[in-house]
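The structure under discussion appears below in the form of structure tokens.
Proteins get letters first, then strands, A, B, ... in listed order; numbering begins at 1 in each.
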Amino acid sequence: MKFSKNLIAVFFMASVLFFGCKPKDSDVQAKITEKFASMPELTGATASVSGGVATLSGEVKDDAARTLAESTAKDIKGVKSVTNNTTVTPPPPPPPAIATGTDLSKGVTDATKDFPAVKATVDNGVVTLTGTIKRSDLPKLMQSISSLNPAKINNQLTIK
Amino acid sequence: MSALQDKYKELLDAATAADVSNLNVSEVNNVLHVSGEAASGETKDKLWDIYNKIDPDYRTGDLILDVNVAAGAGTKATVTTDSTNLNIRKGPGTDQPIVGKAAHGATVTLLSKANDQWWLIKNENGDEGYAYAQYLSPQ
């Protein structure tokens with residue numbers, strides 16, 4: 001009888017100790033956050049933990065970084081499983097192609113049509129402007145030609 | 001940061017602050033190319049003012065500021081010629097025949113963009129054709 005009472009007490013103590021050792025979700029979350037912050041590949045990833053399940057979100061640069069985020073979170077004590085909702089950041093669009101050739105020549109002709117005192121020549125993507133223009137018209141002309149994305153604009157205009 | 005990006009830092013910062021979308025900054029043969037889409041004509045004008053301040057009268061030739069105003073189909077635009085009518089043409093080019101006119105200050109509807117220079121529009125009479133985008137300000 002005494003023995004079984006002790007046994008119950010031991011079980012009770014053990015269970016208290018066991019549950020006492022179980023890390024709190026908020027602590028686990030803080031640990032993951034701290035770990036991610038220390039890894040340059042994972043600075044875009046965030047974690048929230050509920051019932052030991054870590055849910056990862058945010059943007060990382062590639063699939064390898066997604067896998068790394070998952071394995072890193074799994075290694076944290078107290079994480080039972082990981083739901084990986086991180087996404088890969090799409091690559092930035094490539095810069096627009098620099099215009100050369102007939103499209104540019106035609107575009108420059110269109111742009112200078114309303115400025116008869118302006119002469120424009122195009123050579124290998126470089127637009128050279130000579131002649132005269134009113135200062136108030138200069139931005140308009142420059143904007144039109146810039147929107148063609150030439151290699152360079154040599155503005156040698158005399159401004160009236 | 002390159003010397004050119006440093007020179008035009010105020011411009012690049014303003015473009016970022018104004019949320020210019022698809023902002024792209026690249027340097028090719030000592031010319032800085034800045035492209036993107038501005039949400040409004042005011043943003044574009046502001047960027048050009050800063051450009052003129054940093055490089056008065058755009059003399060140096062070390063920047064191509066290719067930032068255009070974003071405008072989708074159905075957008076209304078005001079004709080901003082100096083005083084004359086805006087030609088509406090059959091195709092995207094000044095060599096194309098004129099199919100209609102839009103008066104200075106009139107409102108037209110954007111149907112699509114052939115490119116950054118030429119927009120397919122419809123005027124108040126329902127005439128459809130291409131007009132030079134430089135003279136159109138999205139409302």
Look at Arg89(B) together with Asp110(A) and state whether they make a salt bridge at an N to O cut-off of under 4.0 Å.
-> no

Measure across Ser146(A) and Leu65(B) and return the closest heavy-atom pair with its distance rounded to 0.1 Å.
-> CB-O, 3.3 Å

Which of the residues Ile159(A), Asn154(A), Asp137(A), Ile145(A) is involved in the greatest number of heavy-atom pairs with chain B at under 4.5 angstrom?
-> Ile159(A)

Modelled atom types, side-chain donor and acceptor of Ser144(A) and Gln117(B), under 3.5 Å | no

Proximity breakdown for Ala151(A) and chain B, heavy-atom pairs closer than 4.5 Å | backbone

Taking atom NZ of Lys7(B) as the centre, report whether more than 12 heavy atoms of other residues, nucleotides or ligands fall under 6.0 Å from it.
-> yes

Would a 4.5 Å heavy-atom cut-off, applied to side chains only, mark Asp95(B) and Lys106(A) as touching?
-> yes

Val67(B) reachable from Val69(B) in the ILVMFWY side-chain graph, under 4.5 Å edges = no

Given Gly107(A), Pro150(A), Ser136(A), the one with more heavy-atom pairs under 4.5 angstrom with chain B than any other is Pro150(A)

Do Lys140(A) and Asp82(B) have side-chain heavy atoms sitting under 4.5 Å apart?
-> yes

Heavy atoms from other residues, nucleotides or ligands near NZ of Lys35(A) exceed 12 (cutoff 6.0 Å) = no

What about Val126(A) and Leu63(B), same hydrophobic cluster or not, with Ile/Leu/Val/Met/Phe/Trp/Tyr joined at side-chain heavy-atom distances under 4.5 Å?
-> no

Answer with yes or no whether the side chains of Tyr132(B) and Asp114(A) bring together a donor and an acceptor at under 3.5 Å.
-> no

Considering only NZ, NE, NH1 and NH2 on the basic side and carboxylate oxygens on the acidic side, decide whether Asp57(B) and Arg135(A) come within less than 4.0 Å.
-> yes

Interface moiety of Asn149(A) toward chain B, non-hydrogen atoms closer than 4.5 Å = both

Using a cut-off of 6.0 Å, state whether more than 12 heavy atoms not belonging to Asp6(B) lie near its atom CG.
-> yes

Start with the C-alpha distance between Tyr58(B) and Leu138(A), add both sets of side-chain angles, then the distance that settles side chain to side chain contact (heavy atoms under 4.5 Å, CB included), and finish with yes or no.
-> CA-CA 9 Å; Tyr58(B) 327 106; Leu138(A) 181 63; 3.7 Å; yes

In terms of heavy-atom proximity below 4.5 Å to chain B, should Lys113(A) be classed as side chain, backbone, both, or neither?
-> side chain

Contact origin within Thr60(B) toward chain A - heavy atom pairs under 4.5 Å | backbone

Rounded to the nearest 0.5 Å, the NZ atom of Lys44(B) sits from the CD atom of Gln143(A) at a distance of 4.5 Å

Is Met39(A) linked to Val28(A) within one hydrophobic cluster, defined over Ile, Leu, Val, Met, Phe, Trp and Tyr using a side-chain heavy-atom separation of less than 4.5 Å?
-> yes

Bottom line for Asn87(B): the part with an atom under 4.5 Å from chain A's heavy atoms is side chain

Asp75(A) atom CG, neighbour heavy-atom count above 12 within 6.0 Å = yes

How far apart are the C-alpha atoms of Lys152(A) and Val28(B), what are their side-chain angles, what is the distance that settles it, and do they pass the side chain to side chain contact (heavy atoms under 4.5 Å, CB included) test?
-> CA-CA 9 Å; Lys152(A) 184 182 165 86; Val28(B) 185; over 6 Å; no

At what distance, to the nearest 0.5 angstrom, does CD1 of Ile98(A) lie from OG of Ser35(B)?
-> 10.0 Å

Is the number of heavy atoms from other residues, nucleotides or ligands under 6.0 Å of Asn85(A) CG greater than 12?
-> yes

